[in-house]
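The structure under discussion appears below in the form of C-alpha cells.
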Protein chains: 4
Amino acid sequence: MNRAKTELGVEHLYNDFEKMVTDGNIDAVCIISPSAFHFEHVEIAVKNNMPIFCEKPLATTLDQIYDIQNMIKEQNYTKPFMLAFMRRFDPSYAEAKRMIEAGEIGKPFMVRCYGLDPIKYVKTAVPFAKYSGGIFLDMMIHDIDLARWYMDSEVASIYAAGDCFVEDGFAEHDDVDNGTALMRFENGGMALFFTSRTCHHGYHIETEIVGTKGSIRIGSNPNKNEVVLFNDNGAVAQFKDYFMTRFQEAYCNEIQHFVDCVLEGKTPEVGVIDGVKSTEIAYGCDQSYKEDKLVRL
Amino acid sequence: MNRAKTELGVEHLYNDFEKMVTDGNIDAVCIISPSAFHFEHVEIAVKNNMPIFCEKPLATTLDQIYDIQNMIKEQNYTKPFMLAFMRRFDPSYAEAKRMIEAGEIGKPFMVRCYGLDPIKYVKTAVPFAKYSGGIFLDMMIHDIDLARWYMDSEVASIYAAGDCFVEDGFAEHDDVDNGTALMRFENGGMALFFTSRTCHHGYHIETEIVGTKGSIRIGSNPNKNEVVLFNDNGAVAQFKDYFMTRFQEAYCNEIQHFVDCVLEGKTPEVGVIDGVKSTEIAYGCDQSYKEDKLVRL
Amino acid sequence: MNRAKTELGVEHLYNDFEKMVTDGNIDAVCIISPSAFHFEHVEIAVKNNMPIFCEKPLATTLDQIYDIQNMIKEQNYTKPFMLAFMRRFDPSYAEAKRMIEAGEIGKPFMVRCYGLDPIKYVKTAVPFAKYSGGIFLDMMIHDIDLARWYMDSEVASIYAAGDCFVEDGFAEHDDVDNGTALMRFENGGMALFFTSRTCHHGYHIETEIVGTKGSIRIGSNPNKNEVVLFNDNGAVAQFKDYFMTRFQEAYCNEIQHFVDCVLEGKTPEVGVIDGVKSTEIAYGCDQSYKEDKLVRL
Amino acid sequence: MNRAKTELGVEHLYNDFEKMVTDGNIDAVCIISPSAFHFEHVEIAVKNNMPIFCEKPLATTLDQIYDIQNMIKEQNYTKPFMLAFMRRFDPSYAEAKRMIEAGEIGKPFMVRCYGLDPIKYVKTAVPFAKYSGGIFLDMMIHDIDLARWYMDSEVASIYAAGDCFVEDGFAEHDDVDNGTALMRFENGGMALFFTSRTCHHGYHIETEIVGTKGSIRIGSNPNKNEVVLFNDNGAVAQFKDYFMTRFQEAYCNEIQHFVDCVLEGKTPEVGVIDGVKSTEIAYGCDQSYKEDKLVRL
C-alpha cells in the first residue's frame, strides 16, 4: 500500500474491499484479486451497484458463476459489468473481427486456436496449478472466448485430450502441460484448440478463422520485433516471450473500453454471459479429457 | 491404348489385367485403377506373387482390406507391396521425419494436419463423392497416414465433425465439404485435423509436429514460386493450386522407391498395414461425424 | 495556444522563443519548428546554455550547420544536445545494434537502406518540396544516419541517381520522387540506398546489415499487425501506412532518452556531429544525382 | 569419355571440337568448356553455321566479344545462338517478367539484384579467381542480365565498390569477395547490386523490381523446402545451399528452349547481344571499383 501511495500517488487506500466500494470515493472497481476472491468481491460490488471490471475467470466454480448471473438479475444491477478477455482488444484480433463483420471471409465455419506459453515459465507454473482450475480453465479459456466470438454461436459438444508430456509436476494437481480439444457449435461450426505450457520458441498465440470466402490467420508469424537474423542456422526470427509484451496494447485498450463504458453508460463488449459460457466450456473440456468421453452442453 | 503405344512407346499392351500379370512380360504392377477395382486387381497380383504398387485407398470396404491382409499371409506373398502415400516421399515431409528421428524436436506428442483442396475444383468433385467413400476416406486419409507416421503410434479414439458449408451437392452423397477431427493415440499423443474442399487461396497442405523440445511446420507458407507481389493490397504471395504441382517431386521419389524395392528386394516404407490402419481410422471419422459420437478403435 | 492550455494543460505559454528560453520556467527545449527556423532557435538556445532536442535536419544549409558546430565550441555549451533521429530508438533498430555490438554478425561491411513513403501522401508532399531540401535531405537522411551508425565509419564517396518516375510535380522544385545512392565508407564498407515517395503497399522502412559472420534484416516483412488474409488473391499481409504508427514507440523512447540525459547530465547518443555528417552526405547525394558525377567527401 | 559412352550412352565421341562440329553427326552444339575456350569454340561453330548454346560468359575479353559479334554478321550466321543466362528460365523469374509485361507493377524504374554464394565454397573459389575475370564478370553478370531484361533499357553509367572483407586470398588475383554497384540506365531507371561469395545462410539469389504501380520480389524468403523449425532459437528456415538445387528447373527449361529454337528455327530469347552488353557492363564495374571512378558506357 505504501507503493500505491508514494509511487502511484493513490489518494484513498483501503484494507477492506467493502469499505472501499461503499466509501463514496471511487466510481468503478477493477477486480484483479486472486481468482478465489472474485466471487466475494463481485458480490459486494454488485450489491452496491458499482461498475465492475473483473479479471477472468469470473469465479472458480460453476455454482458461483450461476450465483453471479442470478444476483445481477435479481438485484437490478444496472452498471457496466466487463469481463477481462483482453485479446478482443488487441488491434489484430479486433481487425480480424471487423474484417469478418465486413464479410471479407464470408461466413466463418472453422476456428483454430493456439495458446502456447513459453517453457521457461513452466516450473513456476506448477504450484499455481493447485488453484488455477487446470489448463482448460486457466489458459484455454481465452481461446474458447475467441472461438465463441468469431463463430458467433455456442458450443454444443466437446472432446478434449491432454497429458503431462514434459513436466510431470502438473499431474500432482490433476492438471496437464498440454491439451487439445475439438468442439462442435450449435450452428454446425467447428473449432480446434491446442494449449501448451511447454513452447520452446516463445509466447505463441495464434488464431485462424476459416470462412466460406476466405480465411484469416492472426499471430502465425514471429513478432518479437522487426529483426530477422541470417546466419549459419538459416533465417531466424523470434516470437515474443511473454503475454505482457504481446498484449500490452490490448490491456490498455481494454481498460480504456471499460472507462468509456462507465463514463458513457455503455454496455461493455464482454460481459457476464461470456464469463459464464467460457467457464462452462472449459469445465466441459476438463471433464472430457479426464473421463475420456464426449461432453455435450 | 493407342496413346500408350505411340506416345509412350509401351511394347506390351493388355485389355486384361490377369493376362498382363501372368504373361511373363512385366516385373511389377502399379494398380492405379478406380478405387472400386483395387481389391480385384490386388487379389490377382498377390495370387501371382507380383510386386505391387497400389494407389490409396487399399480397397473401399473394411472387409476387403482385411481380406487383402489375410490373403497376403495365407498365400505366402513375398514381394514388395507398397501403398501410395506420396507425401512421405516429398522432400520436406521426408526432411521433417529425419529431423524427428535425429531428436531435433524431442518426442512428438501433437500433430496438426491440414489438407485443403482449392475451391475451383469443388464442382467437379461433387459427382465423385458417390464413389470416393467421403472426405475422410478420400482426402483426410493422407493426413491420417502422416499423423501415424510422425507420432509413431496408433489411434485409440476419434471425434470428428463436418458439414456442407459451401457446396450442398455433397449432402446428396452423404458427404461434406469440410471436416475436422481430434484423435488420441495409444501413446497419449494427440492429433488435430482439418480437411477442406473449399479453400480459396489454393492447394494448402500443412502439417505441424510438436515435440518435447521444439516443433516443425511443413507447408505453412505460400509456395507457388519465389514471387511476392507488393501492390495496393499489401504483400501478396500464392500457394500452388494443385496436388500435381505441389507433390511432383514426391510422386517421382515414390515410384523410384518402389522400383528400388523391387530391384533390391527391400520392403517398402509404406505397406499394407498402413493402408489397413489409415482406412480403419478414416471409417472411424466417418462414423463419428455422422453419428456425432466418440469412436474407439 | 489555446489547445496547449486547455487540452494539454501547459501552464506557461509563449509567443516568443527567446522569452520562453530565458524566462526561467523551462529546463530544456525541443525544437520542432519548421526546418527554416531551426538555426535561429538553436542559436538562442545555445546562447542560453539550454539543453536542446532538435528535430532533423539540424539546419537547412551547410553554412548554418558549421555555424552551429562553431558556436557550440566557442560558447562553451555544456548541455545535452540531441538530434532527433528516432529510428535509433526503435526497439528493432536498437536490438540490431546490440546484436552487432555483441558480434553476432561479425564486422559489418554492407548496409542496405530502404525508406519508402506511401504513394497516397505523394500529392500533399509536392508543395513541401519547395522547402524540404529535396528527397536526400528530407528522407534519405534517416537512412544515411542509420548506415553511419551501423557501419561505424564515415562516407568517403557517393554516387546517386533519381528522377520523377510517377509524380512530375517534384520537378518544379528541382526534386525527384525516387532516388538511389551507393556510398563507399572510409573503412572500405559499402552502402546501398533506395528512397521513394511512391510506394503502393504502405510505409516500408527496411534496413539490412551484412557482416563477416551473418546478416540482419529489419522491417522486411509486413508489420501493420498480426493479421494475414487468405483469399482468392493468395496470402495477403500489409505494411503500416505511416511513420507515426511504425515509429510510435521510437518517438517515446527518443524523448525519454533526452529527458534522461537532461536529468542525469548524460551525453545523448545522437548529437550535433550526426547532424553535421548526415547533412553533408545528403548534400553530396543531391549534387551527385543533379550533376551525374561522383562526389567525394 | 568412357563415362559418356557407358553411363550416358553417347554414340559419337570426339577428342577434337572441330571434328565434332564438321562430322555431320550432330545438329547443334552446347559450349560448356572452360571460359578461356569459349571464343575458339564459338568461332568454329559459327564458321560451320551450327546452332550454338554457349555458357556465360560469351568470352573473356571485350575484343573477343566484339570479334564474335562481327564474325556472326560477316559470315551470315543464320542459326539460333543462345547465351546461357539460365535465371530467365526459372519459373519465378519468368513469372515476374510475365507480370511486368501484363502491367501489374506499371513501368519498372528500379531493380535490386542480390547474388550471394554460400561461404562454405569460398576457399575452393579462390584459385578460380585467376581465370574467372573477377566477381563482376563471374557472378554479378547474371544480375546485370536480369536488370537489363527487367528494365528493358541499357546501362549508361556505373559506380562500383568492393573489397576482400572475409577472404584475403582473392586479392592475389586482383579480385574481391564482395561487391556492390549502382547503375543508371538510358531510360532514367536505376539498379542496385550486391554480390557476395561469403553468405553464411546459403545460396541467396534475390531480385526486386519496383515499378510505378507496385513491385515484385523474387527469392527473398528461405526456399530450401517447406520446413520451418521452431526451437529455442525461434523460427528457423533455410535457403538452398547451391545453384544446382535452386535453379535445377531453370537449367532444364533453358536447354529445352534451345532445343525448341533449333527444331523450330526460332530466335532464342537470350542472344549474343545480351552477352556483349552484360560483359561490357561487368568490365565497367571492374574498372569502376578498381579505379574508384564513375564509368560511362
Side-chain angles (χ1 to χ4, degrees), chain A residues 87 89-100 102-106 108 110 112 114 146 150 203-240 245-250 252-253, chain C residues 87 89-100 102-106 108 110 112 114 146 150 203-240 245-250 252-253:
Chain A
R87 289 189 199 166
F89 299 91
D90 173 69
S92 298
Y93 281 96
E95 169 130 337
K97 184 68 175 176
R98 275 193 301 271
M99 290 164 79
I100 292 168
E104 292 204 33
I105 62 164
M110 208 288 285
R112 170 176 62 93
Y114 271 39
L146 289 178
Y150 287 127
Y203 179 67
H204 183 156
I205 306 300
E206 176 177 353
T207 308
E208 177 175 6
I209 309 109
V210 181
T212 52
K213 294 188 179 161
S215 59
I216 292 170
R217 287 194 176 189
I218 308 154
S220 304
N221 299 307
N223 59 15
K224 185 183 170 194
N225 52 37
E226 300 287 326
V227 173
V228 180
L229 174 64
F230 296 75
N231 61 18
D232 295 327
N233 290 324
V236 186
Q238 303 195 318
F239 282 79
K240 289 202 174 71
T245 44
R246 170 65 185 85
F247 288 110
Q248 188 175 22
E249 204 171 342
C252 295
N253 294 343
Chain C
R87 289 192 199 163
F89 298 91
D90 173 69
S92 298
Y93 281 96
E95 169 130 335
K97 184 69 175 174
R98 277 193 300 272
M99 290 164 80
I100 291 168
E104 292 204 35
I105 62 164
M110 209 288 285
R112 170 175 63 93
Y114 271 38
L146 288 177
Y150 287 127
Y203 180 68
H204 183 157
I205 306 300
E206 177 176 353
T207 308
E208 178 174 5
I209 308 108
V210 181
T212 52
K213 293 188 180 161
S215 59
I216 291 170
R217 288 194 177 189
I218 309 154
S220 305
N221 298 308
N223 60 14
K224 184 183 169 192
N225 51 37
E226 301 287 328
V227 173
V228 179
L229 175 65
F230 296 75
N231 60 19
D232 296 326
N233 291 323
V236 186
Q238 302 194 319
F239 282 80
K240 290 204 174 72
T245 43
R246 170 64 185 87
F247 288 111
Q248 186 175 22
E249 204 170 343
C252 295
N253 295 343

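Within every chain, numbering begins at 1; the chains are lettered A, B, ... in the order of the sequence lines, protein sequences first and strands thereafter.
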How about A/Lys213: does its NZ atom have over 12 heavy atoms from other parts shown lying under 6.0 Å from it?
no
Top contributor to chain A interface from C/Thr207, C/Ile218, C/Asn231, C/Val236 [non-hydrogen pairs under 4.5 Å]:
C/Ile218
For A/Gln248, is the CD atom crowded, meaning more than 12 foreign heavy atoms sit under 6.0 Å from it?
no
Structural part of C/Ile105 lying under 4.5 Å from a heavy atom of chain A:
side chain
What residue in C/Asn221, C/Val228, C/Ile216 has the most heavy-atom pairs under 4.5 Å with chain A?
C/Val228
Identify which of C/Ala237, C/Gly219, C/Ser220, C/Gly214 forms the greatest number of heavy-atom pairs closer than 4.5 Å to chain A.
C/Gly219
First locate atom CD of A/Glu104, then atom CG of C/Leu229, and finally report the distance between them rounded to the nearest 0.5 Å.
6.0 Å
One option among C/Ala235, C/Ser215, C/Gly211 has the most heavy-atom pairs under 4.5 Å with chain A, and it is C/Ser215
Under 6.0 Å from the CD atom of A/Glu206, do we count more than 12 heavy atoms belonging to anything else shown?
yes
Among C/Arg98, C/Met99, C/Arg217, which one satisfies side chain to side chain contact (heavy atoms under 4.5 Å, CB included) with A/Val227?
C/Met99
To the nearest 0.5 Å, how far apart are CZ in A/Arg246 and CD in C/Glu226?
4.5 Å
